[in-house]
Amino acid sequence: MSITDTGTETETETETETETETETETETEIGTGTDPDPDTVSWNPEALDEILSNDEGRPVLFTNARILTMDPLIGTMTGADLLFVGSLVVGVGPAIVTAAGDDNAIVVDCTGMTIAPAVVDTVALAGGRGHRSEYVATLTPGNTPDFLVVPDELAADVPSAVATLMTRPEQVRALVAAGRPVLWAGTDAPGRATAPEAGIPASADLTGSPRVGVWIDRHDFLHQELTADGRYDETRGGRPHAYQGRYWIDGDRIDYLDDLGFWAYGEFQGDELHHAGYLMKLG
């Protein structure tokens, strides 16, 4: 091999090594943007374990946070605590932590964090609520603990906190729904609820259900028959088959999908079925 060939090989190897190093450095600098950082991963793991195993109804206290309550009376608080028991907020504000030992509360340190509602009342954000009682999902005692915990720098206000959840979930320290963790330290919490499968489900076999039968309104105008195969058939003012379709019952709620393509809703209240302004009882 000639001297010239050797020099060319050396230059090629050097260029290749340089390119590889540059690519590696670039990949390191850019990153994936989806992996939780070390600070997130190590965020209050013991508290999570306690919350998940909390079968005794112990209070849970998120302490020393900036709290965006969205309640026009309470406003935003700093160095504050959020206390809930089960699926009910029972306290918000500073110094609640002083009674944590008395109540055997599970304490979650939120230093450097902002707590914001996870269910956002966009009408209230736009100033469209005329009365405090009309506000929805505020972090107020008596409401459901649905909230986010996000670093202060990513939560200047409620919209930016929610934007962090949607675009950078790996930075979210906690997402809590009705008092149960959904996300924790940038990842799914163990045993978290999962969304139902999208699409129209098959009708259940309702043989033997006490809600199967003909429901009749008080004026005998509307007769709605619910059959065990998940079909309904309405007679209105003596006109048979006015509406027909499928239905699904979930708890006390009934959803209708008419064969014409529209959806409707009803609610069972004791021995009554309330639907579209009609109050019906089994005939």
Side-chain angles (χ1 to χ4, degrees), residues 51-52 54-55 57 84-89 117-124 133-138 140 142-147 162 165-166 175-183 188-283:
I51 294 172
L52 293 177
N54 183 19
D55 298 325
F84 60 91
V85 179
S87 59
L88 188 71
V89 175
V119 178
V120 180
D121 184 350
T122 54
V123 175
S133 60
E134 298 173 352
Y135 278 61
V136 177
T138 58
T140 304
N143 285 354
T144 303
D146 295 325
F147 61 91
V162 174
L165 171 66
M166 303 308 297
L175 170 62
V176 175
R180 299 296 297 176
V182 176
L183 296 178
D188 288 345
R192 59 160 286 177
T194 56
E197 185 176 348
I200 299 173
S203 298
D205 180 2
L206 296 174
T207 301
S209 170
R211 289 169 172 171
V212 168
V214 179
W215 294 80
I216 304 173
D217 84 298
R218 66 182 75 183
H219 302 297
D220 200 32
F221 173 82
L222 176 62
H223 291 210
Q224 184 183 95
E225 182 180 9
L226 304 180
T227 59
D229 60 353
R231 296 281 301 174
Y232 70 90
D233 189 348
E234 285 190 2
T235 297
R236 289 174 169 249
R239 178 166 54 95
H241 315 310
Y243 291 111
Q244 296 175 297
R246 288 182 283 171
Y247 72 90
W248 294 266
I249 295 176
D250 185 0
D252 289 330
R253 179 188 177 97
I254 179 169
D255 289 284
Y256 305 90
L257 174 56
D258 196 83
D259 290 344
L260 295 175
F262 67 83
W263 289 86
Y265 154 81
E267 184 178 9
F268 295 98
Q269 297 181 11
D271 63 349
E272 299 174 343
L273 172 55
H274 295 251
H275 164 66
Y278 293 95
L279 189 160
M280 296 177 283
K281 292 191 174 185
L282 276 173

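The structure displayed is predicted, hence computed values, not measured ones.
Phe268 and His274 have their aromatic ring centers separated by at least 6.0 angstrom. Two rings, from Phe262 and Tyr243, have their centers less than 6.0 Å apart.
Taking all atoms of both residues into account, the shortest heavy-atom contact from Tyr247 to Ser203 is O-OG, 4.5 Å. Of all heavy-atom pairs between Pro181 and Ala189, the closest is O-CB, 3.5 Å. The two residues Pro145 and Gly86 have their closest heavy-atom pair at CG-O, 4.0 Å. Here the closest heavy-atom approach between residue Gly57 and residue Val85 is recorded as O-CG1, 3.8 Å. Taking each heavy atom of Gly179 and Ile51 in turn, the nearest pair found is O-CG2, 4.4 Å.
In this structure a side-chain-to-backbone donor-acceptor pair under 3.5 Å is present from Asp217 to Leu222.
For the pair Val176 and Asp146, the minimum side-chain heavy-atom distance is 4.5 Å or more. Side-chain atoms of Arg236 and His241, non-hydrogen and from C-beta on, never get closer than 4.5 Å to each other. Side-chain contact between Asp121 and Glu134 is absent, with no heavy-atom pair separated by less than 4.5 Å. The shortest distance between side-chain heavy atoms of Leu206 and Thr227 does not fall below 4.5 Å. Glu267 places none of its side-chain heavy atoms less than 4.5 Å from the side chain of Ile254. Annotation: side chain of Val89 is not in contact with side chain of Thr140 (no heavy-atom distance under 4.5 Å). Side-chain contact between Leu52 and Pro190: present, with at least one pair of heavy atoms (C-beta onward) separated by less than 4.5 Å. The closest side-chain heavy-atom distance from Ile200 to Leu257 is below 4.5 Å.
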(request) Go through Tyr256 and Tyr265 one step at a time and tell me if the ring-ring contact (aromatic ring centres under 6.0 Å, His included) criterion holds. (result) CA-CA 6 Å; Tyr256 305 90; Tyr265 154 81; 8.5 Å; no
(request) Decide yes or no on side-chain contact (heavy atoms from CB on, under 4.5 Å) for Met280 and Leu273, but give the supporting numbers first. (result) CA-CA 5 Å; Met280 296 177 283; Leu273 172 55; 3.7 Å; yes
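Between Phe221 and Tyr278, the two ring planes are parallel [angle under 30°; tilted spans 30° to 60°].
Using a 3.5 Å distance cut-off with no hydrogens or angles, the side chains of Asp233 and Gln244 do pair a donor with an acceptor.
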Please output the side-chain donor-acceptor pairs of residues 208-215 that fall under 3.5 Å, not counting sequence neighbours, one pair per line with the distance.
unit_1	atom_1	unit_2	atom_2	d
Ser209	OG	Arg211	N	3.2
Arg211	NH1	Gly251	O	2.7
Arg211	NH2	Asp252	OD1	2.8
Trp215	NE1	Arg211	O	3.1

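Here Ile216 contributes atom CD1 and Leu279 contributes atom CG; the two are 13.0 Å apart, rounded to the nearest 0.5 Å. With rounding to the nearest 0.5 angstrom, the CD1 atom of Ile249 is 6.0 Å from the CG atom of Leu226. Expressed to the nearest 0.5 Å, how far CG of Asp255 lies from CG of Asp250 amounts to 8.0 Å. From Arg246, atom CZ reaches atom CG of Asp229 across 11.0 Å, with rounding to the nearest 0.5 Å.
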